[in-house]
Asker: 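Before I ask anything, let me first share the structure, which is written out below as structure tokens.
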Amino acid sequence: MAERYDFNAIQQKWQPKWREMGLYKTSEDRSRPKFYCLDFFPYPSGNGLSVGHLRNYVPTDVISRMKRMQGFNVLHPMGWDAFGLPAENFAIKMGVHPAETTAKNAANYRRQLTLVECSHDWDREINSTDPDYYKWTQWFFLLLHKRGLAYKATGAQWWCPDCRTILANEQVEQGRCWRCESQVEKKDLNQWFFKITDYADRLIDDLKTVDWPDRIKKMQENWIGKSIGAEAIFKGINPVSGQQHDIPIFTTRVDTIFGVTFMTLAPEHPLVEKLTHPDQKAAVEGYITESRKKSEIDRLSTEKEKTGVKLGSYAINPFNGEKVPIFIGDYVLYGYGTGAVMAVPAHDERDFAFARKYNLPVKEVITPDGKSQGELSSAYTEYGTLIESGQFSGLTSEQAIEKMINWLASNKLGFKRVNYKLRDWLISRQRYWGAPIPIVHCDCCGEVPVPENQLPIKLPEIKEFKPGSDGKSPLAFIDEWVNTTCPKCGKPAKRETDTMDGFACSSWYFLRFVNPKLASAPFNAEDGKYWLPVDLYVGGAEHAVMHLLYARFWTKVMQDAGLVPFAEPFMKLRNQGMMLAADGSKMSKSKGNVITPDEMVEKYGADALRAFILFLGTFEIEVSWSDDGIRGMHRFVNRVYDLISENHGGTGIASGKEADDLKRVLHKTIKAVSNDIDNFSFNTAIARLMELTNAMVEAAKKTSLASTSFWREAVETFLKLLAPITPFLAEELWQIIGNSGSVHQQKWPVWDESALVESTVTLPVQVNGKLRDQLDLPADIDEAAARHAAEASEKVQKHLEGKQIVKFIYVPKRMISFVVK
RNA sequence: GCGAGGGUGGCGAAAUUGGCAGACGCGCCAGACUUAGGAUCUGGUGGUUUUACCGUGCGGGUUCGAGUCCCGCCCUUCGCACCA
């Protein structure tokens, strides 16, 4: 098609010029205020970018560009979170080294991002698989190790049989691996953990200090799952020997403890063996085997019936000395609290269901009004007043909880306890393509951290990437790599063969952009002081509890180590919504409905694509692609090109109402666009620019404004507003109207509040809430005059005639209203 | 079940926070230019029985005035899901 606006030629013309100018280079000027605008660390997949990814990258680019024009020193970098399984699996299948795949994919991402002219400073590009990068990931591991926050422990962990590696809790979704969606299982292995639980409280408390979506804050809070309660010790009695064993339980409702009628242990609980009556042994063992098998598959099924088996022994309630039967049941989780619960059927739904099923007594001890409610048909789980609770009867739940915890403490039978759902972060991965854990195992010295000056521990060049089926990393088979000497005693020793979870790399990458090439440290403290923390962080909501929690944890560790002077890495966070295919389904390679930036840039140009991505819908909400929609944006871009290339302005003097009107629209646009971009309201920013375009097209047609010097000013302002959104169009027109220099290096326009004031306004007149007329009146008209004008209107009079005016309301510049009877 | 969003024309969506509902765009309709139109331009476009009335998921309420505030429902998306 014949183009008035040849976007291809324009893109090819400006791209090399801008590169040459170094338009997107981060400045070293420390006198200006800084703005650190960061995108989530992407994994460069072999599929490349789809237009959906641009919902992340175009908005941050627009903001970066506007901030630069507003005089900020902007850091807007990009890098690759390139460790991970796809490249490794590809290597297993095709024999291509992951480093090769990764480099190729990263180059493709970079090409696509520059295709739509994202203004990243490519001089600061980083790659987490680069030894110069993972050297520092290992260095941070050692920092955590030094501070007692990295430890090895054995336990049943989530194992993905497909990926053949262990996963962290956060990486298991609905019993499936977050990457390959295969069913996970539990496996006993010796694994590395980071002690994130030490930071649980700070991770909750500091959420108050950041500007993040509430949803994400809530998700993190729920994930950490803080609950305040009490630990109380019941005594379990061996049914044969009579020997007593302490069974600590955790409860948030110690006020219900007089209502305990039985107790349940998790099947894995170590005391089960000691408390099982010989007669029940077979049944108990059968139940344990059964629940092991069940694993996660049944936990997901809708059937949630509580099951359990009697141990044949009893426990003694510390408060009243009552003996209650002990059960095991798989509704009690071994990993939470103490793995044992006191069961109060009257006041807990699960216990109620269990008691019903096994015909156990229900003892009411909390009531809404201090009086028994008789037989309960369901558990009463609210707070209330205690009954049948000895010396605590008559207290409210709140009072009782405090007094009963004190009682436990003074009798050495328990204490106040805080529990978290959060578990420590399991970072061992039995795979090749990750940062090796810098630890050496020595027969004499045990676990020895590799000294800093020996970092990085580089991955060996290998040909065979398959992990062992027994939970061994492929690295374990490379003898010449595994066998080393102990850094402490010099005797033969073996390297740790697990690599680190990829989330370790992304927990600190935002620091590396400050000094991406520095050899002596992860970053320079002085530079860090200037650039950090990140001012604006944008990416998908799917990382709510993984990356975002880990990065916050590492930052707090660094703060404690004196490396950074702040507690939170990302001051402001925003999540873009997903982009669906035109039919509302997900874009996926298998469905063949993926739309790439490449095809759209070819068809409509980078400017129309950028603007359309922004215009599609509200930033956070998911939107569907529309082929018709981008054609509309293509029209808009052309319309602007026509308007300005044909009307540069002139020497005439603009005056009169038409000039004032256009001036007002112009300044309103400056204000709206500036605020809208700051507020992530890109769709309305573009709508305002369209309105300005419409007003200018109209003015060019119907007035002589286009030959005035004011028009020239308007055009220049317009182009500056357009520059962050459609950089090529703005630059080309900037040159066409005869300017030298780049529009991208101009000062962002500032609106004149006085130019916004309208001298006359159209006021709606209502009678009894119904619109009856609209009057053009001076904006500053007083109440009496407004009333007079309204009463003079024929249309209004018709509804006032013969009625009594009970009330008159005048809201200046808004409306006039009569209430009549 | 718990937690957080959301419900506005044929469609994507706006609405200075209580003040003309539907900005802007898509689509559609009509016209212009055309050998042609899935190109471009111009105008129109919430509905209806059109002096007017009805319209923001449903039912109530507050108010001169409600998409916006209050009470009670329905539907929907996304998290978490036996956490004691």
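FYI, side chains are in, hydrogens and waters are out, and symmetry mates aren't considered; it's all heavy atoms of this structure.
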Asker: Kindly confirm or rule out a cation-pi arrangement of R552(A) over W212(A), judged by NZ or CZ under 6.0 Å from the six-membered ring centre and within 45° of its axis?
Answerer: yes
Asker: If you check the N222(A) side chain, which of rA14(B), rG19(B), rG3(B) turns out closest?
Answerer: rG3(B)
Asker: OP1 or OP2 of rA14(B) versus the side-chain N and O atoms of T618(A): is any pair under 4.0 Å?
Answerer: yes
Asker: Are F636(A) and M690(A) side-chain neighbours, meaning at least one heavy-atom pair lies under 4.5 Å?
Answerer: yes
Asker: Remember a base hit wins even if backbone is also touched, and classify M219(A) as base, sugar-phosphate or nothing at under 4.0 Å, heavy atoms.
Answerer: sugar-phosphate
Asker: Give a yes/no on whether any side-chain N or O of N694(A) is located under 4.0 angstrom from OP1 or OP2 of rG25(B).
Answerer: yes
Asker: rG25(B), OP1 or OP2 - any side-chain N/O from R631(A) closer than 4.0 Å?
Answerer: no
Asker: Among the nucleotides rA13(B), rG19(B), rC64(B), which one has an atom lying closest to any side-chain atom of V623(A)?
Answerer: rA13(B)
Asker: Which part of the nucleic acid does L616(A) contact within heavy-atom distance under 4.0 Å: base, sugar-phosphate only, or nothing?
Answerer: sugar-phosphate
Asker: Nearest whole angstrom, please: distance from the C1' of rU76(B) to the CD of E622(A).
Answerer: 12 Å
Asker: For F250(A) and for E349(A), locate the closest nucleotide of RNA chain B by heavy-atom distance; then report the residue assigned to the nucleotide nearer the 5' terminus.
Answerer: E349(A)
Asker: So, D255(A) and S397(A): side-chain donor and acceptor under 3.5 Å apart, yes or no?
Answerer: yes
Asker: What contact category does V545(A) fall into here, base, sugar-phosphate, or nothing, at under 4.0 angstrom with non-hydrogen atoms?
Answerer: nothing
Asker: Indicate, with a heavy-atom threshold strictly under 4.0 Å, whether G632(A) touches base, sugar-phosphate, or nothing.
Answerer: sugar-phosphate
Asker: Below 4.0 angstrom from OP1 or OP2 of rA84(B), is there any side-chain N or O of Y331(A)?
Answerer: no
Asker: Heavy-atom nearest nucleotide on RNA chain B for K218(A) versus I621(A): which residue maps closer to 5'?
Answerer: K218(A)
Asker: Does R635(A) place a side-chain N or O at less than 4.0 Å from the phosphate oxygens OP1/OP2 of rG27(B)?
Answerer: yes
Asker: Which of the following nucleotides, rC82(B), rC41(B), rA84(B), is nearest to the side chain of K306(A)?
Answerer: rC82(B)
Asker: Quick one: label K421(A) by what it contacts on the DNA or RNA (base, sugar-phosphate, nothing), any heavy atom closer than 4.0 Å.
Answerer: base
